[in-house]
Amino acid sequence: MDVSLYFNLPAWLRVTLQGVAVIVVLFPLAAACSMAERKISAWIQGRPGPNRTIPPFLAWIPVVAPLLQKLGLFQLAADGGKFVFKEDPIPGHVNKVYFVLAPILAMIPALTTIAVVPFGAYLDSAGRTVPLVLANVDVGILAVFAVASLSVYSVILAGWASNSKYPFLGGVRASAQLISYELSMTLSVLPVFLWVNAPGGPGTLSLFDAVQSQSQPGFWGGMWYGVLMPVSAFIFLVALFAETNRQPFDMPESEADLVGGFHTEYGAFKWSLFFVAEYCHMIVGSGVFVLLFLGGWNPLPWVSLETLAGWLHLAGSPVLTGVLATLLFLGKVVAFIFFFMWVRWTLPRFRYDQVMKLGWQKLLPLSIANLIVYAIVIALIERA
Amino acid sequence: MPVIPVERKPLTLAERTYLPQIVHGLKTTFRHLVAPNVTLEYPEQRPEIPGGYRGVPTLVRDPNGREKCVSCQLCEFVCPPKAIRITPGEIAPDSPQAHVERAPQAFDIDMLRCIYCGLCQEVCPEEAIWLQTQYSMTGYTREEMVNHKDRLYELGGTLPDAHHKWDKKKAAENAAAHGGHH
Ligand code: SF4
Ligand code: SF4
């Protein structure tokens with residue numbers, strides 16, 4: 001395959017193409033998550049789930065069409081079409097500008113964070129690992145946190161602009177919850193970067209470097225941080241559930257006490273934008289977790305991408321190793337998203353005061369203690 | 001009333017973190033995830049109707065093909081929501097069933113009114129009206145939801161008859177007419 005043609009394009013065009021490609025993959029993936037969610041909930045509840053819809057002009061295809069029908073993929077397409085073409089009324093009592101702005105604002109951070117998250121890597125002809133990422137910036141994790149926390153504004157804005165009490169309460173809860181858990185989340189990843197940034201080396205907060213430091217030779221070098229720092233991983237995981245508004249932390253929309261929460265007044269396409277944004281956050285959040293704690297695109301602990309490529313005799317081919325790494329990474333992310341859904345259909349929702357108590361009185365002290373312990377341990381190891 | 005104080009054990013640390021319980025819950029839901037479905041895919045898979053089910057009320061014929069209803073109208077009177085309308089009629093004197101004397105001319109059951117209580121079946125002296133296994137009724141108009149006599153017999157079909165009481169009565173009358181033993 002001749003890739004030089006592509007690399008001869010002007011840089012802005014390449015970046016635009018890559019960006020569009022990533023969004024074109026991420027957006028349907030987020031939509032597909034909604035179908036996966038329905039299917040998994042159905043299977044857990046002993047039902048087959050959506051398995052009827054099939055366009056008549058495709059029904060003649062053997063094997064493939066019935067399989068897609070059973071998996072509900074046509075249902076997904078029908079739902080998407082419905083959301084686009086359905087009447088989208090704006091209630092009379094809302095603040096129209098902000099009401100329309102909120103779902104758009106929800107999508108922006110959701111699709112922006114992906115820019116700094118590497119979703120694969122390839123080995124160039126010199127054998128170096130090069131990340132597949134839209135913007136391989138040094139501040140990777142900071143950028144993710146900074147942009148992802150902007151998403152709370154869309155929820156607050158939606159709640160506020162709806163001008164009715166349940167959305168308003170949902171918006172207030174969302175802001176309180178996101179602020180509470182953001183602290184623990186940030187503190188929980190600090191030990192990872194303390195460990196990544198060995199003294200003397202250039203300082204980095206890039207997610208790619210976090211993966212690279214999990215693919216070094218040796219027992220400690222090849223170990224995933226999920227094993228080295230289980231408490232960090234656990235706190236990050238819990239905070240991730242809270243940040244993405246997933247059960248058991250879906251306070252902002254808890255339909256039992258808030259009707260629908262911040263999106264009560266929304267319908268049709270605007271409503272679906274909120275959901276796609278939520279799933280995008282979930283995907284990116286899972287991606288960050290996989291990168292930080294589960295070795296990114298390394299197939300197994302102590303087996304790095306280079307090792308695997310060596311075994312498969314792919315080392316010289318950037319394209320094949322790139323595809324392999326992306327598939328490994330996506331596989332892990334998908335497994336993680338399954339875990340999100342599995343938890344959702346297992347655990348009941350926490351009460352609001354429990355969420356606050358857990359965030360401030362349990363998770364925050366735990367993450368501070370965790371940080372102190374790891375700081376001391378890392379200091380001792382590096383002094384030795 | 002004696003009061004039994006229940007000792008409340010303080011939760012252990014493991015219980016207070018919820019984590020073992022969450023893992024346990026995840027195990028349970030995973031078992032259900034891989035277990036076979038418990039639902040039927042309805043129009044293709046039909047539920048098994050248990051005996052004694054009270055479905056749509058129908059009229060039945062006896063094994064000789066005679067309509068059993070004699071239009072006594074007991075069911076019409078007993079029906080709590082007044083779903084049944086009967087127009088009684090005579091049986092023509094030249095018919096082989098002439099000895100039964102009466103049969104319904106029209107027999108309508110309005111299924112929008114019927115509450116499937118089964119009282120009509122209970123009250124019928126001729127065992128002519130039965131709530132059988134049919135459970136799905138659809139129609140686009142109110143008129144379509146009224147089962148007329150022909151439809152009722154079509155749904156009802158033939159049921160076995162242990163008595164054949166009208167045949168016995170006719171046989172007894174014939175015997176009497178041919179010099180009975182009284
Ligand atoms: S089942 Fe009850 S309601 Fe229905 S026709 Fe018979 S008596 Fe009336
Ligand atoms: S169905 Fe039975 S109760 Fe009703 S009119 Fe006929 S004989 Fe009488």
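The sequence lines fix the lettering, A, B, ..., with proteins before strands; numbering per chain opens at 1. As the structure is a prediction and not an experimental result, all values here were calculated from the model.
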Compile a table of inter-chain donor-acceptor pairs under 3.5 Å between chain A and chain B, counting both main-chain and side-chain atoms.
residue : atom : partner : partner atom : Å
A:G46   : O    : B:V38   : N            : 2.8
A:N51   : ND2  : B:E41   : OE1          : 3.3
A:R52   : NH1  : B:E44   : OE1          : 3.3
A:R52   : NH1  : B:E44   : OE2          : 3.0
A:R52   : NH2  : B:E44   : OE1          : 3.1
A:W342  : NE1  : B:L26   : O            : 3.2
A:W342  : NE1  : B:T29   : OG1          : 3.1
A:T346  : OG1  : B:T29   : OG1          : 2.8

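Contacts of A:L347 with chain B are made by side-chain atoms alone, with heavy-atom separations under 4.5 Å and no backbone atom involved. There is no contact between A:L358 and chain B, counting heavy-atom distances below 4.5 Å.
A:A233 meets the side-chain contact (heavy atoms from CB on, under 4.5 Å) test with A:F289, A:F293; sequence neighbours excluded. Taking the ring-ring contact (aromatic ring centres under 6.0 Å, His included) definition, one finds that B:F107 meets it with nothing, sequence neighbours left out. Contacts of A:Y181 classified as side-chain hydrogen bond (donor to acceptor under 3.5 Å, both in side chains), with partners at least two apart in sequence or in another chain: none.
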